[in-house]
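For this chain, numbers begin at 1 and follow the sequence in order. On a predicted model such as this, the values are computed, not experimentally measured, just so you know.
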Amino acid sequence: MSTRIDRLSIVIVTWQGDDLLRTCLDSLARVYGTRSEIVVVDNADQASTRALVSAYAHARYVPTVRNLGFAGGNNVGLKACTRDFVLLLNNDTVVHEDSFSPLIDFLEWHPKVGIVQGTMNVPALDDGLDDCGVVMTPFGIQRHLHRGEPTATTALKPRRVTAAKGAMMLFRREVVADTGFLFYDHFGSFFEETDFCRRAANCGWETWFVPTPPIDHLCGATSARFDRDAIWVQYFRNILYSFARNWGWWGRWVMLPAFACAAFVRSPRNLIRALKREMTAT
């Protein structure tokens, strides 16, 4: 195992998910022992979660006063990190072998790369791949690379992507210093990692997918507990906000209208609700 793992902080955001969190922390302990720094952000501030995290000597418990979502929770967690590299890891993941050292090594070998994502397997997809990075088309539609393809047999290579997936996203701390912040707090969840990777690209940083030993990702174990319409409203609003502010004139005048048309076909009511929220907020 690379000694660079000693330079890694892992942020895990949880919300009423002790069973998932326990499985995740146990898997990290089996593979890495106490070498990595782990920061668990509890968006529910539950006594049971506090007690659970206290059983792991290398983990730090950070409660929030209310549910800040994935975006706000990771913003809080980042402030508690002390090491050179930061990994955002979902609480519904299981690590089987050293999947993180190859990501740190790739960053060390490629000084222009600021953000990387590794390989994730989704048991619910018959052990198919989770997104192997995201590529944005010129008209604001995301291509989720290799999703659902067989994890065991799909040939994967390192490639530059538009965005990494936040369930397993590792970055240099310098990237956040350049962008000014990690995520918009009001994004809650959805599209926050794509927006961050775009802002990083605006500062000259590249984002790459790097094949690694796969980790399991249950995928949507937390978001499944929320109202589906509310999720779509938040998702649409975050994309509209990001395109208008961080994708230049092309984002404002081409990608945003094109995405709005596609979203209207899919769910006109939720798009209108998202637009109303955005106009009210601004």
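- Proximity of Leu68 to Phe183: side-chain heavy atoms (C-beta onward) are nowhere separated by under 4.5 Å.
- Put simply, the side chain of Trp250 reaches to within 4.5 Å of the side chain of Pro138, judged on heavy atoms.
- Ion pairing between a basic and an acidic side chain is recognised when a charged N comes within 4.0 Å of a carboxylate O; Glu206 and Lys112 show no such pairing.
- In this structure, the separation between OG1 on Thr14 and CG on Leu21 is 5.0 Å, given to the nearest 0.5 Å.
- Within the 4.5 Å cutoff, side-chain heavy atoms of Val176 are placed close to those of Phe196.
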Exercise for the section: Please step through side-chain contact (heavy atoms from CB on, under 4.5 Å) for the pair Glu192 and Phe70, ending with a clear verdict. Expected result: CA-CA 9 Å; Glu192 66 285 332; Phe70 185 81; 3.2 Å; yes

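- Aromatic ring pairs are classed by plane angle as parallel below 30°, tilted from 30° to 60° and perpendicular above 60°; the pair Trp232 and Tyr235 is perpendicular.
- For the atom pair Met255 CE and Leu240 CG, the distance stands at 11.0 Å (nearest 0.5 Å).
- Take Ala59 and apply the side chain to side chain contact (heavy atoms under 4.5 Å, CB included) test, not counting sequence neighbours, and it matches Ile38, Val53, Tyr56.
- Of all the heavy atoms in Val113 and Leu107, the pair that sits closest is O-CD2, 3.2 Å.
- Contacts classified as ring-ring contact (aromatic ring centres under 6.0 Å, His included) and involving residues 123-159 (residues at least two apart or in different chains) are not found.
- Between Met168 and Leu170, the closest side-chain pair of non-hydrogen atoms is not below 4.5 Å.
- Criterion: ILVMFWY side-chain heavy atoms under 4.5 Å apart, direct or through other members. Under it, Ile104 and Tyr32 are part of a common hydrophobic cluster.
- Between Glu149 and Cys132, every side-chain heavy-atom pair lies at or beyond the 4.5 Å cut-off.
- Between Phe243 and Trp247, the two ring planes are perpendicular [angle over 60°; tilted spans 30° to 60°].
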Scan the side chains in residues 80-88 for donor-acceptor partners under 3.5 Å anywhere in the protein, sequence neighbours excluded, and list what turns up.
unit_1 : atom_1 : unit_2 : atom_2 : d
Thr82  : OG1    : Glu37  : OE1    : 3.3
Thr82  : OG1    : Glu37  : OE2    : 2.8
Arg83  : NH1    : Asp6   : O      : 3.0
Arg83  : NH1    : Arg35  : O      : 2.5
Asp84  : OD2    : Arg7   : NE     : 2.8
Asp84  : OD2    : Arg7   : NH2    : 3.1

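- Ser36 has its side chain out of reach of Leu28: every pair of non-hydrogen atoms, C-beta onward, lies at least 4.5 Å apart.
- The stretch residues 71-81 participates, sequence neighbours left out, in these side-chain hydrogen bond (donor to acceptor under 3.5 Å, both in side chains) pairs: Asn75-Asp185.
- A search for side chain to side chain contact (heavy atoms under 4.5 Å, CB included) contacts involving Glu174 returns Arg172, Trp205, not counting sequence neighbours.
- The side chain to side chain contact (heavy atoms under 4.5 Å, CB included) search around Thr23 returns Val94, not counting sequence neighbours.
- The existence of a salt bridge linking Asp42 and Arg50 is excluded, since no basic side-chain nitrogen approaches an acidic carboxylate oxygen closer than 4.0 Å.
- Listed for the Glu108 side chain is no donor-acceptor partner under 3.5 Å among the backbone atoms of Arg4.
- Residues Tyr184 and Asn238 are not in side-chain contact: their nearest non-hydrogen atoms beyond the backbone lie 4.5 Å or more apart.
- Side-chain contact between His96 and Asp216: present, with at least one pair of heavy atoms (C-beta onward) separated by less than 4.5 Å.
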Practice task
Just do the side-chain contact (heavy atoms from CB on, under 4.5 Å) check on Tyr241 and Phe191 with the steps written out, would you?
Solution key: CA-CA 10 Å; Tyr241 188 95; Phe191 206 73; over 6 Å; no

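- Using a cutoff of 4.0 Å between basic side-chain nitrogens and carboxylate oxygens, Asp195 and Arg199 are scored as salt-bridged.
- When each of Thr119, Asp127, Asn121, Asp130 is paired with Thr151, the side chain to side chain donor-acceptor pair (under 3.5 Å) condition holds for Asn121 and for no other.
- Considering all non-hydrogen atoms of both residues, Thr162 and Cys197 come closest at O-CB, 3.4 Å.
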